[in-house]
Amino acid sequence: SASRKTTLWLLLAAVGFVVAIACVNVANLLLARGTTQEREMAIRASLGASSLRMIRQVLTQSLVLAAAGGILGILSSAWILQGLLAVFPRGTLPAEADPRISVPVLTFAVLTTTACGLLFGLAPAWHARQLPIAAMVKEASGSSPRHARRIWQNVFLVTQVALVSMLIVGASLLVGSFARLMAVDL
């Protein structure tokens, strides 16, 4: 029925907001981690490591972290789905509903995880590649001012707080709408 479709779309939107909050938090952590690796990158570059080798290292670390997160996400969604199906009383879901983790959902999860790992691994690597080695060593040693880095960290922090606040408000409004829709006597 139309009411159930609306309810499911609202639930999907609420879940999407929560996933977006998690993605914003993880992205900020990865970008912050990338800026703390500048000293290591400076030392590697001064010892003769190529920029391609450093990019590969950062990408490998990022993809391993993304794969671990993706695997944990898929496993936890399977456990949560089993738990919800055990809790739901019989007859709550329509007969045509088939709650399961399907191949398209798994494909989307794998592609999203890989894309996030690549994107948030490439950003710090690309930034480190563009800095001159002398400037990287000087900045990593603490002999140059870190004013620009602090400005960017503050920008990321303010952006994250703003996005998370907006997403939390949106998710709570959607959950409230979902609760009101579930209370309607069909």
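Between S77 and I101 the shortest heavy-atom distance is OG-CD1, 3.5 Å. Contact between A66 and G117 at its shortest, heavy atoms only, is CB-CA, 3.8 Å.
Hydrophobic clustering, with ILVMFWY side chains joined whenever heavy atoms are under 4.5 angstrom apart, groups I74 together with L81. Under a hydrophobic clustering in which Ile, Leu, Val, Met, Phe, Trp and Tyr are joined whenever their side-chain heavy atoms come within less than 4.5 Å, directly or via other members, V110 and V64 fall into different clusters.
Atoms CG and CD1, on L85 and I80 in that order, are 12.0 Å from each other to the nearest 0.5 Å. In this structure, CZ on F108 lies 9.0 Å from OG1 on T113, to the nearest 0.5 angstrom. Distance check: S62 OG to L118 CG gives 7.5 Å after rounding to the nearest 0.5 Å. Interatomic distance, CG of L59 versus CG of L52, reported as 9.5 Å (0.5 Å rounding). With values rounded to the nearest 0.5 angstrom, T60 atom OG1 is found 11.5 Å from I55 atom CD1. Taken to the nearest 0.5 Å, the CG atom of L111 stands 11.0 Å off from the SG atom of C116.
A side-chain donor-acceptor contact under 3.5 Å links R180 and S177.
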